[in-house]
Asker: 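First, the structure itself, so that you have it in front of you.
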Amino acid sequence: MSQYDAIVIGAGHNGLTNAAYLAKAGLNVVVIEKNDYIGGAAVTRELYEGWKYSNCSYVCSMMRQALHRDLNLSRHGLILVPYLGTINFGDGDERLFSYHDEQAAYLELKRHSPHDADAMNRFQADLTRYSQFIRKTLLRTPPEPTSFRPRDIMEFLFLAKQLWRLGEREIYEYIRFFTMSAADFLDDYFENDLIKAAMASPGIIGTALGVYSPGSSYILLHHVMGDVDGNIGAWGLARGGMGAISSALANALQEYGGEILTNSGVEKIIVDGRKATGVVLDNGDQISARIVVSNLDAKRTFTQIIDREDLPDSIYERASNFKIRGSSGKVNIALSGLPKFTHVPENRYINRGGQGFTGSMETMERAYDCWKRGNWSDDPFVESVIPSAWDPTVAPPGQHWMSNFVQYCPPTLADGCWTPEKRDAFGEAVIKKIERYSPDFRDLILHMEVRTPHEIEEEIGLTEGNIFQGELTIDQLFFNRPFPGYGQYRMPVENLYMCGSSTHPGGGVSAACGANAAREILLDLKCRNTVPKDDFYDE
Amino acid sequence: MITIDPYAGERLKLSPFYIREKELNIRDAWSAWNGYKFADYYYDAEYEYFCIRNQCGTYDICPMQKYAIQGPDAAAMLNRMVTRDVDKIGTNRVGYAVWCTDEGRIIDDGTIFKLADDRFMLTCGSPCTAWLRKSAFGFNNLDITDVTDEIAALSLQGPTSCAVLKKMGLTGIETAKPFDVMHFPFHDDTLMVSRTGFTGDLGYELWINSGRALTMWDELYDAGADYGIQPYGETATDMARLEAGFIMPYMDFNEALKTVHFEHDQTPFELGLGWLVDFEKPHFSGRRALLKEQQTGPKWRLVKLDIEGNWPAIEAIMYNDEECSEEIGYVTSAMWSPAVKSNIALAMIKSEFIDGELWAEIYRAKELRQYRRMARCSKSTKPFWTHTRARSTPPADY
Amino acid sequence: MPTFDAIIIGAGHNGLVCAAYLAKSGMKTLVVEGAQYPGGLAQTREFHPDFHASVAHTISHFSSKIIRDLRLQKHGYKKPNEFLPTIGMGENSEHVFISDEVTGCISDKDADNYKSYEKRMRRLAKALAPFWSETMPRVGNNNASELITFAKLGLKLRLLGKDDMHEFLRIASLPIRDLLDEHFESELLKASLSWDSLIGSKIAPRSPNSAVLTLLYRMAEQSRGRHIIPASGSKQLIDSLCKAVTSAGAEVRCSAEVDKILVNGNREGLRTTGIRLTNGETISADHIISAVDPKQTFLHLVGVDYLDIGFTNRIGRLRSDGYVAKLHLALDGMPEFTGLDKAAGRLIIAPTMDSIEFAFDEAKYGNYTEHPVMEIVIPSIYNHSLAPDGKHVLSAHVMYMPHNLKGGWTTEAHAIATQNALKTITKYAPNIPDKILGYEFLSPTDLEREFHVTGGHWHHADIAMDQMLMMRPTYEAAQYRTPIPGLYLCGAGCHPGGDITGLAGHNAAQEILK
């Protein structure tokens with residue numbers, strides 16, 4: 001039986017980050033991973049020779065650059081390349097191009113609505129303001145609201161001060177924004193439905209809410225608060241696929257002396273006298289350690305790999321009630337050439353950004369209505385990007401792969417479980433949707449990979465295939481994440497921690513959860529803190 | 001409504017005067033303003049600047065936003081929106097105005113042309129469509145149209161400008177007082193001329209339907225040939241307006257609706273535009289906040305600075321003494337004034353330091369090497385440059 | 001021109017409560033009401049010859065403090081001893097009965113869980129209760145004394161203990177569906193329990209951020225959210241309020257519709273001076289207090305000329321579209337609901353939470369559903385004056401019927417919606433069609449027209465987190481004062497919100513008397 005300082009369960013990007021910081025502090029760390037590859041949902045796999053799919057997550061903007069720099073990820077092979085522009089497709093022939101250039105963006109919006117072209121300035125300023133506040137909390141541990149410890153009180157004061165700095169009007173606007181639906185929020189600014197739909201689409205990605213559901217405007221912010229080199233809201237591609245992030249993190253971890261053990265699923269966390277002491281692997285091996293860190297989602301951690309008797313009262317119920325709803329699908333398609341779209345200029349710039357098959361507010365909401373009924377929509381919301389248009393390493397020359405993110409896709413269907421036939425029918429719905437805008441799209445398809453929540457759960461272990469490891473609603477955010485009273489990465493079992501997206505600040509390839517957890521662990525183990533403070537372009 | 005040209009967003013719009021301007025823009029020095037292709041300068045900025053002060057020049061203001069506001073509620077709507085009393089602007093007169101948020105922060109400045117009791121034109125530097133719609137909410141008898149693309153406008157500024165217009169055949173133009181508007185028949189159309197401008201000099205602005213733009217240009221340039229008429233661009237405008245002490249959006253103030261940071265916008269009192277705030281008017285948007293500010297005094301003040309030495313104080317930080325004990329403000333615009341041969345600037349200073357010593361920390365590169373200098377500044381209450389010709393009616397022939 | 005200290009516009013229950021408090025403190029007070037009778041949505045009207053009904057058919061959490069303060073019992077208000085049970089109507093004639101405990105077609109586990117669930121909700125409701133009857137402070141203005149309210153709230157929650165505080169912070173924003181799923185198995189029970197967290201606003205069981213606070217608000221009083229029908233109906237409450245007003249020396253004038261709130265502007269700024277009625281009469285007063293919804297008050301009665309632009313637009317953007325229609329049936333005898341001995345209680349026709357959710361889905365797009373969900377009472381069981389002997393009135397709140405119906409509430413749309421509602425009721429009470437002597441269906445548009453309330457919205461504006469507390473109806477008017485000196489709000493569009501509680505009127509009066 002081997003002995004470590006820390007065991008991190010799950011080699012997703014947060015687990016690797018967490019382990020890297022623990023190892024950097026001199027601890028003897030092992031990351032155990034059930035799959036034969038690392039990365040969790042930040043993964044690139046060559047399922048077909050020459051085609052490197054970022055099977056799950058596909059773009060990146062939330063990665064904390066303080067961590068990127070601190071862990072020398074560039075030296076370990078990571079480079080994030082921003083991509084410019086997106087095309088949003090309306091229900092009919094309308095197309096909305098999002099340009100990076102300010103004047104082009106203005107003129108394009110003006111083509112749709114002069115009013116909205118003007119209103120966009122205010123919208124962007126407001127969103128930037130809201131995200132600046134939230135961003136300050138990303139690499140900080142949430143305070144515990146019931147606590148009177150100086151540390152928690154100081155943290156509340158810090159937050160209050162940041163909020164106060166917004167001024168009276170903005171505090172109200174902030175509260176409103178936080179609790180409204182994306183649709184209501186956008187109605188404050190815009191009149192054009194396609195512009196609204198394009199702006200609303202980040203509000204539904206990954207979530208079991210619709211654009212009309214209160215709370216969806218926060219999710220919108222969650223997706224635009226990231227940045228690439230200070231461009232708030234910009235998205236980047238990792239050269240070589242999202243797996244490049246994980247492999248760079250793994251390199252950093254190994255350089256600090258940490259180990260990674262693949263093909264090692266965890267059967268159970270060993271709890272002895274209310275203390276976590278190690279894990280049992282599915283091959284029967286035991287590994288013991290001073291602490292155990294779970295990078296699995298909260299539901300999986302507490303309902304599947306810990307014995308119920310080892311948990312304090314009500315934790316099992318809390319974990320069972322943890323909202324982690326599968327709502328997204330992913331279709332990766334290999335293409336023999338770059339697709340052409342109707343009513344889109346054959347312009348090498350705009351065609352190489354993303355595609356949002358957005359439709360309209362109502363189309364998006366109706367897709368949600370289907371999800372509620374346990375179906376996928378025949379007119380789904382699809383957000384696509386063709387990474388190979390930017391990244392020469394992911395597909396053979398002249399050929400392309402297209403990543404299609406689909407909202408919504410139910411974890412189980414009204415008429416039962418997913419079957420390969422139903423999965424393919426779901427993929428077909430996505431192709432049909434794209435075909436509406438690209439008539440010869442089907443002819444370009446070489447092969448494809450369809451992933452419903454079922455596949456996502458099976459392969460990566462995300463419960464119900466929820467990409468955020470838990471819904472991003474107020475009841476599960478900040479100090480409520482994952483459960484009230486356990487918002488500071490320490491779990492109800494002593495020496496057990498969590499470091500995945502089930503913890504603050506939640507989903508997205510930010511590495512912040514892993515880093516925050518490491519900071520707390522090092523504090524408990526009385527080790528030197530190795531986790532850097534966040535840095536901001538704009539204080 | 002939606003134009004089909006999918007490239008429309010990628011191409012800058014061209015001013016109705018573009019064909020003539022292109023010929024004259026020898027240096028191809030273009031940038032963009034409100035989505036229009038727009039000249040920074042044509043040949044040489046300083047040369048163009050002296051055209052304004054010495055002869056006359058034209059400045060293309062087609063990209064400027066122009067809104068036609070008409071209907072029985074037009075005056076009431078404008079009166080609630082802007083801080084000055086629109087009822088006090090006579091017909092065929094122009095009034096400079098600012099409008100504010102409920103909190104009294106400036107959204108934008110612009111000019112209001114009163115063309116009839118129920119017909120106005122509002123011009124401003126950047127789009128204000130969203131705020132105008134908000135301002136019009138609740139008024140039923142009102143129509144607001146963006147006429148930016150329909151009306152071509154050209155600013156003619158400089159001592160010989162009146163003479164040029166007379167020669168062009170605009171009989172009686174010399175009787176136009178500052179801020180007057182006159183209308184002249186022009187090839188079955190009407191040419192509107194206002195005695196306004198952004199240079200502090202004698203000058204006029206010409207307004208014509210876009211379809212007649214080139215005819216007007218040609219007749220104007222024919223008339224001006226012997227009076228030294230030249231086009232000038234953004235750079236020369238910026239020099240002239242600073243000498244005249246005029247403020248510029250995104251240089252001296254921010255538009256309140258587009259700022260990210262709390263109080264990175266300004267109030268009329270901070271910008272020295274208190275004279276535009278008419279508390280005799282019982283209500284306008286932002287009045288309560290501004291009244292409060294008037295009582296407590298503004299936090300900041302924009303001041304005109306005369307700075308010792310000849311280093312332009314571009315982007316300088318202001319201090320209360322030579323030792324930089326306390327940061328008290330920042331320079332918003334600065335330049336060496338060719339007309340008055342002094343080093344001038346506009347700066348925002350915290351009110352409590354306004355009467356103390358003012359020092360600017362200026363950096364300047366000489367042959368790639370950076371030098372720093374602390375320069376003493378003195379406040380100037382008058383515009384840096386003025387001339388009686390700008391105000392006298394009729395203007396003498398210069 | 002007659003002069004008063006205070007004029008209250010609108011003799012709904014909040015207007016009357018406010019008037020009574022002001023008059024009691026010696027202010028010369030006048031209440032003007034556009035309709036023929038006082039009471040607003042709580043007035044009782046004849047909808048069919050000899051058949052009467054009130055839009056607000058039950059009372060659940062009217063403030064007991066107001067009953068005491070205004071001595072309403074002396075003025076004729078009599079609280080019945082019995083609460084109406086809530087009865088969930090199953091699709092197969094099964095029922096759940098919810099009162100202090102739940103019985104009927106449910107598991108023992110659910111019955112047990114209900115006890116702990118109800119207890120905790122009651123504890124939370126009790127902790128929050130004081131804040132509904134208090135003015136919410138403005139945030140960010142650094143006024144320490146007002147911030148104490150927040151400190152008090154924090155402390156109050158903390159005093160509940162860590163567990164309850166944690167739970168409150170978690171569930172406050174939870175969709176009601178998630179909360180109930182955590183506690184119960186029976187869909188029928190869950191749907192019935194969710195009802196009170198939803199009705200009146202544009203939310204459904206899956207909508208986050210509003211439902212639980214609404215529920216806690218409704219549970220704040222001693223009645224804990226249980227409903228009553230006084231012996232002579234809602235009218236009894238309104239009559240007693242009117243008596244309280246008049247006995248304190250104030251006047252209630254009906255059929256006096258206000259055309260304008262008069263505002264005087266001079267160098268000092270603005271101030272209200274009085275009101276002008278539609279008949280041209282002007283009445284002056286120092287204080288004008290509007291119990292009318294915020295949109296009408298500001299956009300029509302005051303007029304936008306006197307308001308700041310940002311403020312005007314925030315009022316304009318208030319979500320105030322009603323989604324509840326009202327159905328009144330005049331019945332020749334007692335309706336018989338299959339499997340139910342007596343229709344004594346509040347019958348909820350919403351067999352599952354999804355049946356509510358799916359009814360809502362149509363409304364999102366401006367349509368109404370073929371399968372509406374509803375709350376039914378037979379008020380004539382309790383109040384015999386509503387119908388002739390042996391005959392009965394059925395009163396139903398029907399959801400979701402959008403005010404902004406696509407294509408508008410045409411006669412045809414009206415008829416189909418009515419048929420849909422009747423069909424649904426008939427499924428549960430097959431003999432009803434034979435007994436119908438007359439009916440009235442009030443769409444939100446009808447409610448708007450009949451009762452002068454924007455959007456036909458019960459609460460004047462959705463009760464939702466972004467339109468609640470110090471943001472109701474919008475900041476700058478959330479402390480009952482408005483940007484115009486002399487003008488106050490006291491209606492459901494203010495904190496704490498809608499329903500027949502009287503608290504908005506009460507709180508406004510406290511502010512005016514300050």
Side-chain angles (χ1 to χ4, degrees), chain A residues 144-148 156 163-181 183-185 187-188 208-218 314 317-318 320-321 323 325 361-362 365-366 368-369 372-373 471 473-480 483-487, chain C residues 138-142 154 157-158 160-175 177-179 181-183 201-212 310 313-314 317 319 354 357-358 360-366 462 464-471 474-476 478:
Chain A
E144 165 54 40
T146 62
S147 155
F148 293 111
F156 269 116
L163 196 62
W164 238 242
R165 274 169 44 162
L166 296 170
E168 184 184 2
R169 184 189 68 180
E170 288 307 326
I171 295 174
Y172 290 119
E173 294 294 349
Y174 199 76
I175 303 172
R176 284 184 70 220
F177 166 74
F178 233 83
T179 55
M180 278 173 119
S181 73
D184 284 327
F185 174 62
D187 277 344
D188 272 353
L209 293 175
V211 287
Y212 293 163
S213 306
S216 49
S217 56
Y218 170 73
S314 82
E317 281 72 29
R318 276 178 197 271
S320 313
N321 290 334
K323 291 194 293 179
R325 291 169 181 163
M361 295 294 271
E362 188 169 328
E365 184 71 13
R366 285 196 186 276
Y368 172 55
D369 290 347
K372 287 197 284 197
R373 288 160 175 80
E471 288 288 316
T473 44
I474 298 177
D475 54 296
Q476 293 189 163
L477 279 175
F478 206 51
F479 48 65
N480 280 337
F483 318 127
Y486 299 99
Chain C
R138 285 178 78 155
V139 293
N141 68 350
N142 298 316
L157 289 172
R158 186 62 186 83
L160 285 171
K162 260 191 183 186
D163 265 5
D164 273 356
M165 181 171 178
H166 277 145
E167 188 65 358
F168 174 74
L169 291 174
R170 185 180 74 93
I171 68 171
S173 63
L174 212 57
R177 182 180 203 266
D178 294 337
L179 180 69
D181 272 345
E182 289 175 7
H183 288 89
S201 288
K202 189 195 175 185
I203 53 170
R206 290 182 198 243
S207 311
N209 293 358
S210 304
V212 173
N313 279 271
R314 286 203 305 280
R317 291 269 303 117
R319 295 193 305 282
D354 270 347
E357 185 75 31
F358 296 163
F360 172 71
D361 281 349
E362 288 300 325
K364 287 189 296 194
Y365 311 111
D462 271 4
M465 245 190 212
D466 58 315
Q467 299 191 155
M468 250 183 163
L469 305 172
M470 58 280 181
M471 287 171 299
T474 174
Y475 52 91
E476 288 191 304

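We name chains A, B, ... by the order of the sequence lines, and we start the count at 1 in each one.
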Asker: Go through A/R176, A/M361, A/R366 and name the one with the most non-hydrogen pairs under 4.5 angstrom from chain C.
Answerer: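 Answer, by heavy-atom pair count under 4.5 Å with chain C: A/R366.
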Asker: Should C/D361 and A/R373 count as an ion pair when the cut-off is N to O under 4.0 Å?
Answerer: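 Salt bridge: yes.
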Asker: Heavy-atom pairs under 4.5 Å with chain A are the metric here; pick the option from C/M165, C/E167, C/E182 that has the most.
Answerer: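 Counting heavy-atom pairs under 4.5 Å, the top option is C/E182.
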Asker: In terms of heavy-atom proximity below 4.5 Å to chain A, should C/M470 be classed as side chain, backbone, both, or neither?
Answerer: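 For C/M470, heavy atoms of backbone and side chain both lie under 4.5 Å from chain A.
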Asker: A/S216, A/P214, A/G215: which one forms the most heavy-atom pairs within less than 4.5 Å of chain C?
Answerer: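 The candidate making the most pairs under 4.5 Å is A/P214.
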Asker: Quick one: pull up NZ in C/K162 and OG in A/S147 and give me the separation to the nearest 0.5 Å.
Answerer: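 Here the rounded value is 6.5 Å.
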Asker: Under 3.5 Å, is there a donor-acceptor pair linking the side chains of A/Y218 and C/N209?
Answerer: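 No, no side-chain donor-acceptor contact under 3.5 Å.
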Asker: Heavy atoms only, distances under 4.5 angstrom: which of A/A208, A/P145, A/P484 has the most pairs with chain C? Name it, please.
Answerer: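 The option with the most such pairs is A/P484.
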Asker: Look up atom CE in C/M465 and atom CD1 in A/I175, then write down how far apart they are to the nearest 0.5 Å.
Answerer: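 Taking CE in C/M465 and CD1 in A/I175, the distance rounds to 10.0 Å.
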Asker: Take C/M468 and A/T179 through the side-chain contact (heavy atoms from CB on, under 4.5 Å) test and state the conclusion after the steps.
Answerer: CA-CA 11 Å; C/M468 250 183 163; A/T179 55; over 6 Å; no
Asker: Could you report the tightest heavy-atom contact between C/P175 and A/K323, atom names first, then the distance?
Answerer: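 Reported closest heavy-atom pair: CD-NZ, 3.7 Å.
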Asker: Under a 4.5 Å heavy-atom cut-off, does chain C meet the side chain of A/F177, its backbone, both or neither?
Answerer: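 Neither part.
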Asker: If we only count heavy atoms from C-beta on, is the A/T146 to C/H166 side-chain gap below 4.5 Å?
Answerer: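 Sidechains of C/H166 and A/T146: in contact.
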Asker: Measure the CG-CG distance between C/L169 and A/D475 for me, rounded to the nearest 0.5 Å.
Answerer: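 If we round to the nearest 0.5 Å, C/L169:CG and A/D475:CG are 11.0 Å apart.
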Asker: With only heavy atoms counted, which part of A/L209 is less than 4.5 Å from chain C, the side chain, the backbone, both or neither?
Answerer: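 Answer is side chain: those atoms of A/L209 sit under 4.5 Å from chain C.
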Asker: Checking A/R169 now: which residues fulfil salt bridge (Lys or Arg N to Asp or Glu O under 4.0 Å) with it, not counting sequence neighbours?
Answerer: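 For A/R169, the residues satisfying salt bridge (Lys or Arg N to Asp or Glu O under 4.0 Å) (neighbours in sequence not counted) are B/E103.
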Asker: Can you tell which part of A/N321 gets under 4.5 Å to a heavy atom of chain C, answering side chain, backbone, both or neither?
Answerer: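 For A/N321, backbone and side chain are both near chain C.
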Asker: Using non-hydrogen atoms only, which part of A/E365 is less than 4.5 Å away from chain C: side chain, backbone, both, or neither?
Answerer: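 When you check distances to chain C, atoms from both the backbone and side chain of A/E365 fall under 4.5 Å.
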Asker: Which distance, rounded to the nearest 0.5 Å, do you find between the OH of A/Y172 and the CZ of C/R314?
Answerer: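 That separation rounds to 10.0 Å.
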Asker: Do A/S213 and C/R206 make a side-chain contact, defined as non-hydrogen atoms from C-beta onward lying under 4.5 Å apart?
Answerer: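 No - every pair of side-chain heavy atoms lies 4.5 Å or more apart.
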Asker: Considering only heavy atoms, which portion of C/R170 lies under 4.5 Å from any heavy atom of chain A: side chain, backbone, both, or neither?
Answerer: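 For C/R170, the contact with chain A is made by backbone and side chain together.
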Asker: For the pair C/D178 and A/R325, evaluate salt bridge (Lys or Arg N to Asp or Glu O under 4.0 Å) and give the outcome as yes or no after the intermediate values.
Answerer: CA-CA 12 Å; C/D178 294 337; A/R325 291 169 181 163; 2.5 Å; yes
Asker: Non-hydrogen atoms of chain C under 4.5 Å away: do they reach the side chain of A/K372, the backbone, both or neither?
Answerer: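 Both the backbone and the side chain of A/K372 come within 4.5 Å of chain C.
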Asker: Need one label for A/F483: side chain, backbone, both or neither, based on atoms under 4.5 Å from any heavy atom in chain C.
Answerer: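 Interface part for A/F483: neither.
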Asker: When rounded to the nearest 0.5 angstrom, what is the spacing between CZ in C/R138 and CD1 in A/I171?
Answerer: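 Going from the CZ atom of C/R138 to the CD1 atom of A/I171 covers 11.0 Å.
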Asker: Taking every heavy-atom pair that is under 4.5 Å apart, which of A/D188, A/L163, A/L166, A/L477 has the most such pairs with chain C?
Answerer: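 Sorted descending by pairs with chain C, the first entry is A/D188.
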Asker: Should the ring pair C/Y365 and A/Y212 be called parallel, tilted or perpendicular, given that the plane angle runs from 0 to 90° and is split at 30 and 60?
Answerer: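 Ring orientation of C/Y365 relative to A/Y212: tilted.
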Asker: So what's closer than 4.5 Å to chain C heavy atoms on A/F148: side chain, backbone, both or neither?
Answerer: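 The answer is the side chain of A/F148.
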Asker: Could you tell me the separation between the NZ atom of C/K202 and the OG atom of A/S181, rounded to the nearest 0.5 Å?
Answerer: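 Interatomic distance, C/K202 NZ to A/S181 OG, rounded to 0.5 Å: 7.0 Å.
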